[in-house]
Amino acid sequence: MIVTQMIGISRARYKVYVDGQFAFILYKGELREFGIEEEKEISESCYQQIMTQVLPKRAKKRALNLLESRDYTSGQLREKLRQGDYPQACIDEAIDYVESYGYVDDLRYAKDFITYHLEHKSRTRIGQDLMRKGIGRDIIEAAFEELEQSGTGQDETAMIVKLLEKKKYDVRTASKQDKQRMYGFLYRKGFHTDAISRALLLDITLNSL
């Protein structure tokens, strides 16, 4: 294997290319330690030491540093490490490491997120937000199920009624066009069609609630 190029990305860090392909990022001191220079050979043992010892340790440290400031989902943390140009194997090892100590727990994250937004967002919108954060649909459903079993459920019809009340919408006096417009508004917010229909067909004035 030949080190074909080294590109400085800061005063102390370099991207190293081996046989024409990006391999890893190392610090100046590490380049000297491993004797890495352009157009020179890098031994298999040296390469493996970097890939299996130096970089995994650094990826774990980076993950822990990120988690000190805020919670991350495993997907978010993976993306942060990818942005740091860590090899995929090192990313996997770092995620396994922090998960093994409970520092990253997607189910816990999902339940906390749902609980916080339960009264303000529809179930669909909450699910979409969580999936954008890299949490799988099965974990999201499990989180909703656990919360419902513990008595922390969501009544979308009641949420819609409160929203309509805030907008001073009266189901008894609204025209067909008003109802269609409100239906579209609520649907775009992610509420289920059954909940929307129930709320819009309630034979009450919202101000009486």
Side-chain angles (χ1 to χ4, degrees), residues 25 51-52 55-167 169 182-202 206 209:
I25 293 175
M51 296 296 288
T52 62
L55 297 180
K57 181 179 179 180
R58 186 174 299 155
K60 292 173 188 175
K61 185 176 180 179
R62 173 61 175 157
L64 291 171
N65 286 340
L66 287 167
L67 290 166
E68 283 183 358
S69 58
R70 49 161 284 195
D71 284 338
Y72 284 85
T73 66
S74 60
Q76 290 173 322
L77 205 54
R78 283 183 184 278
E79 181 57 29
K80 281 288 188 180
L81 294 175
R82 275 194 290 269
Q83 291 172 5
D85 286 322
Y86 289 96
Q88 187 59 51
C90 298
I91 294 174
D92 292 340
E93 187 172 336
I95 297 300
D96 288 344
Y97 177 79
V98 294
E99 285 182 339
S100 70
Y101 285 96
Y103 300 141
V104 171
D105 185 330
D106 282 356
L107 180 60
R108 182 186 64 211
Y109 185 103
K111 289 195 292 185
D112 289 345
F113 186 91
I114 292 168
T115 301
Y116 183 80
H117 293 284
L118 200 60
E119 296 182 3
H120 313 291
K121 291 186 177 184
S122 67
R123 179 173 179 140
T124 299
R125 183 62 57 81
I126 291 173
Q128 291 170 344
D129 289 346
L130 285 170
M131 282 191 283
R132 279 193 289 269
K133 293 177 182 292
I135 296 182
R137 191 182 299 275
D138 55 338
I139 293 178
I140 295 170
E141 290 302 318
F144 272 114
E145 185 176 340
E146 285 193 20
L147 288 172
E148 288 167 359
Q149 290 176 351
S150 67
T152 310
Q154 186 181 55
D155 186 343
E156 285 202 345
T157 301
M159 291 173 65
I160 293 170
V161 168
K162 288 182 180 180
L163 185 59
L164 296 180
E165 183 178 31
K166 184 177 180 180
K167 286 185 166 291
Y169 178 91
M182 186 57 67
Y183 189 100
F185 167 75
L186 295 168
Y187 183 78
R188 288 190 296 274
K189 280 191 167 292
F191 290 106
H192 289 168
T193 55
D194 288 347
I196 297 172
S197 297
R198 284 195 298 271
L200 293 182
L201 291 174
L202 288 175
L206 297 176
L209 292 177

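Please read all numbers here as calculations on a predicted model, not as lab measurements. Below, all heavy atoms of this structure are taken into account, side chains as well, without hydrogens, waters or symmetry copies.
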Exercise. Mind checking side-chain contact (heavy atoms from CB on, under 4.5 Å) for R188 and listing every partner two or more places apart, or none if nothing turns up?
Key: F185
Self-check item: Sequence-distant partners of T193, side-chain contact (heavy atoms from CB on, under 4.5 Å), two or more places apart
Solution: Y183, Y187
Quiz prompt | All ring-ring contact (aromatic ring centres under 6.0 Å, His included) counterparts of H117, not counting sequence neighbours | solution = F113
Exercise. Would you please name every residue forming a salt bridge (Lys or Arg N to Asp or Glu O under 4.0 Å) with D71, sequence neighbours left out?
Key: none
Self-check item: L77 side chain near V104 side chain, heavy-atom distance below 4.5 Å
Solution: yes
Quiz item: Partners of R82 by side chain to side chain donor-acceptor pair (under 3.5 Å), sequence neighbours excluded?
Solution: E79
Practice problem: Of all the heavy-atom pairs spanning A143 and I114, show the shortest one and how long it is. | Solution: CB-CD1, 3.7 Å
Self-check item: Smallest separation among heavy atoms of I25 and G84, with atom names
Solution: CD1-O, 3.9 Å
Self-check item: Point-to-point distance, once rounded to the nearest 0.5 Å, from CG of L107 to OG1 of T73
Solution: 13.0 Å
Quiz item: Taking it one step at a time, do I126 and F144 satisfy side chain to side chain contact (heavy atoms under 4.5 Å, CB included)?
Solution: CA-CA 10 Å; I126 291 173; F144 272 114; 4.0 Å; yes
Exercise. Output all residues satisfying side-chain contact (heavy atoms from CB on, under 4.5 Å) with K80, sequence neighbours left out; order by chain, then residue number.
Key: L66, Y72, Q83
May I have the list of side-chain donor-acceptor pairs in residues 130-142 shorter than 3.5 Å, sequence neighbours left out?
residue	atom	partner	partner atom	Å
R132	NH2	D129	OD1	2.4
E141	OE1	R123	NH2	3.0

Practice problem: Decide yes or no for K121 and F191: does some side-chain heavy atom of the first lie under 4.5 Å from some side-chain heavy atom of the second? | Solution: no
Exercise. Can you run down the salt bridge (charged side-chain N to carboxylate O under 4.0 Å, His left out) pairs that involve residues 97-114, sequence neighbours left out, and say none if there aren't any?
Key: K111-E146
Quiz item: Which residues satisfy the side chain to side chain donor-acceptor pair (under 3.5 Å) test with T124, sequence neighbours excluded?
Solution: H192
Quiz item: Got a sec, which pairs hit ring-ring contact (aromatic ring centres under 6.0 Å, His included) with one end in residues 73-106, sequence neighbours left out?
Solution: Y97-Y101, Y101-Y103
Quiz item: Which heavy-atom pair separates A59 from L81 by the least distance, and what is that distance?
Solution: O-CD2, 3.9 Å
Practice problem: Please name the residue in the list K57, K60, R58 that meets the salt bridge (charged side-chain N to carboxylate O under 4.0 Å, His left out) test with E93. | Solution: K60
Exercise. Identify, with sequence neighbours excluded, every residue that meets side chain to side chain donor-acceptor pair (under 3.5 Å) alongside D92.
Key: R78, Q88
Practice problem: Kindly compute the distance separating OG1 (T115) from CG (L147), expressed to the nearest 0.5 Å. | Solution: 4.5 Å
